2 protein chains.
Amino acid sequence: MENKREIFHILTRRFGLLNKNCCSIGSFEISTIQSHILYEIDKQHAPSMQQIAEALAMDITTFSRQIQTLIKMDLVKKTPSTQDKRVSILNLTTPGKFVATTIEESMNAYLEEVFSHMNDSEKETVLRSIELLNVAMSKSTVCCTPLY
Amino acid sequence: MENKREIFHILTRRFGLLNKNCCSIGSFEISTIQSHILYEIDKQHAPSMQQIAEALAMDITTFSRQIQTLIKMDLVKKTPSTQDKRVSILNLTTPGKFVATTIEESMNAYLEEVFSHMNDSEKETVLRSIELLNVAMSKSTVCCTPLY
DNA sequence: GAATTTAGTTGTAACTTGCAAGTAATGATC
DNA sequence: GATCATTACTTGCAAGTTACAACTAAATTC
């Protein structure tokens, strides 16, 4: 059972590669982090800068500049909050929504293909296992605790 | 069953964070990529630059410079091959071995802790599932095919 | 209403990245 | 066996990413 580390290493590397490759949508060149930002803005409802930066465990200054480039690319828009004028509310623009959806779809297509190599009971088991793993990792005190 | 993407997204992000956090060993500050390089050199027997760069899907020029800094840190040594003088053979130095082992151990400790939140049958199932997943991903034509 | 905290932005300065263009060694071809 | 092509790796850029420190402006606390 000591191949645990090896198994996880391969899995990690593969996901790393997947993220690297994922992200050229038409004329848009999207980096890994940018795709995560789009995903997270899409998921949360009208989030602030801080919220997304924290969700992605990014330094706020780095995040600020990433948002600036996403705005220049017309994928994200930023509106000052009416309740608290310090806060900037983030939203996807129409092209931003399109890019996020496209990434989403290609990711789903990839997962469909991966799971097509399994039978139904295997699919079921694997998905349940990943959920189990997510829960177990969220309980860990070692790493990444403030996440989800 | 359409939370598939969501489940995998969380998993991916967590592994991303894990990799980010992993790598301060005593006085050494090791980046994610550097730890992957050390791991890969350790695993393969006296590999060439190309071999490792390819295994990690890195641009060879980027890799070349990474190796230069690892050599400066005295974690890696580079010897010209006797068979082919163009080729450089990579090996870990003693401190390099130490760092690789330490990362290995802290990774194992983390995994132990994660799995401690499961019962034996769950552990078994999850590990088997990850293996299944690795195999399925290796069969995919969409991404990352030349890997393992 | 002065002092502190919070949200976000800029100034650097160090680092990473990858393309283009290079060197040096090997292999292929005639 | 001289020439041409290929391979392994290195350097010159130029663009981008990162995070610390120091800033502004708004909100909260006391």
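Chain naming here is simple, since letters A, B, ... match the order of the sequence lines and numbering starts at 1 in each. Just so you know, these numbers use all the heavy atoms, side chains as well, and skip hydrogens, waters and symmetry mates. Worth saying up front: this structure is predicted, and the values here are computed from it rather than measured.
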Practice item. Kindly indicate, with the supporting measurements, whether the criterion side-chain contact (heavy atoms from CB on, under 4.5 Å) is fulfilled by Met58(A) and Ile52(A). Key: CA-CA 8 Å; Met58(A) 284 180 74; Ile52(A) 302 295; over 6 Å; no

Practice item. Considering just the side-chain nitrogens and oxygens of Thr62(B), establish if one lies under 4.0 Å of OP1 or OP2 belonging to dT16(C). Key: no

Review point. Is the side chain of Asn134(A) donor-acceptor paired with the backbone N or O of Ile7(B) at a distance under 3.5 Å, no angle test?
Key: yes

**Study point:** Closest listed nucleotide, where the reference is the side chain of Met49(B) and the choices are dA7(C), dC19(C), dT10(D)
**Key:** dT10(D)

Review point. Are any side-chain N or O atoms of Ser88(A) and backbone N or O atoms of Met49(A), one a donor and one an acceptor, separated by less than 3.5 Å?
Key: no

Practice item. Assign Gln83(A) to base, sugar-phosphate, or nothing according to its heavy-atom contacts below 4.0 angstrom with the strands shown. Key: sugar-phosphate

Exercise for review: Decide yes or no, distance alone: a donor-acceptor N/O pair under 3.5 angstrom between the base of dT26(C) and the side-chain of Arg86(B).
Suggested key: no

Review point. In whole Å, what is the span from the CG atom of Asp59(B) to the C1' atom of dA14(D)?
Key: 15 Å

Exercise for review: Taking atom CZ of Phe115(A) as the centre, report whether more than 12 heavy atoms of other residues, nucleotides or ligands fall under 6.0 Å from it.
Suggested key: yes

Review point. When you check the side-chain N and O atoms of Gln34(A) and Tyr39(A), is any donor under 3.5 Å from an acceptor?
Key: no

Check your understanding: Hey, does the side chain of Gln50(A) come within less than 4.0 Å of dG8(C)'s phosphate (OP1/OP2), counting only N and O?
Key -> yes

Practice item. Using atom CD1 of Ile89(A) as one end and atom P of dA7(C) as the other, report the distance to the nearest whole Å. Key: 12 Å

Exercise for review: Would you kindly give the NE2-to-C1' distance between His36(B) and dT16(C), to the nearest whole Å?
Suggested key: 16 Å

Study note, to complete from the structure: Rounded to whole Å, CE of Met58(A) lies from C1' of dG16(D) at a distance of 13 Å

Practice item. State whether the side chain of Arg13(B) and the backbone N or O of Ala55(A) hold a donor-acceptor pair below 3.5 Å, judged by distance alone. Key: yes

Check your understanding: Does Lys85(A) or Ile33(A) map to a spot on DNA chain D nearer the 5' end, using the closest nucleotide for each?
Key -> Ile33(A)

**Study point:** Whole-Å gap separating C1' (dG18(C)) and CZ (Phe63(B))
**Key:** 16 Å

Practice item. Could you check how far CD1 of Ile60(A) sits from C1' of dA21(D), rounded to whole Å? Key: 16 Å

**Study point:** Nucleic acid contacts of residues 64-81 of chain A, taken as heavy-atom distances under 4.0 Å to DNA chain D
**Key:** Arg65(A), Gln66(A)

Check your understanding: Where does the angle between the aromatic ring planes of His36(A) and His9(B) fall among parallel (under 30°), tilted (30 to 60°) and perpendicular (over 60°)?
Key -> tilted

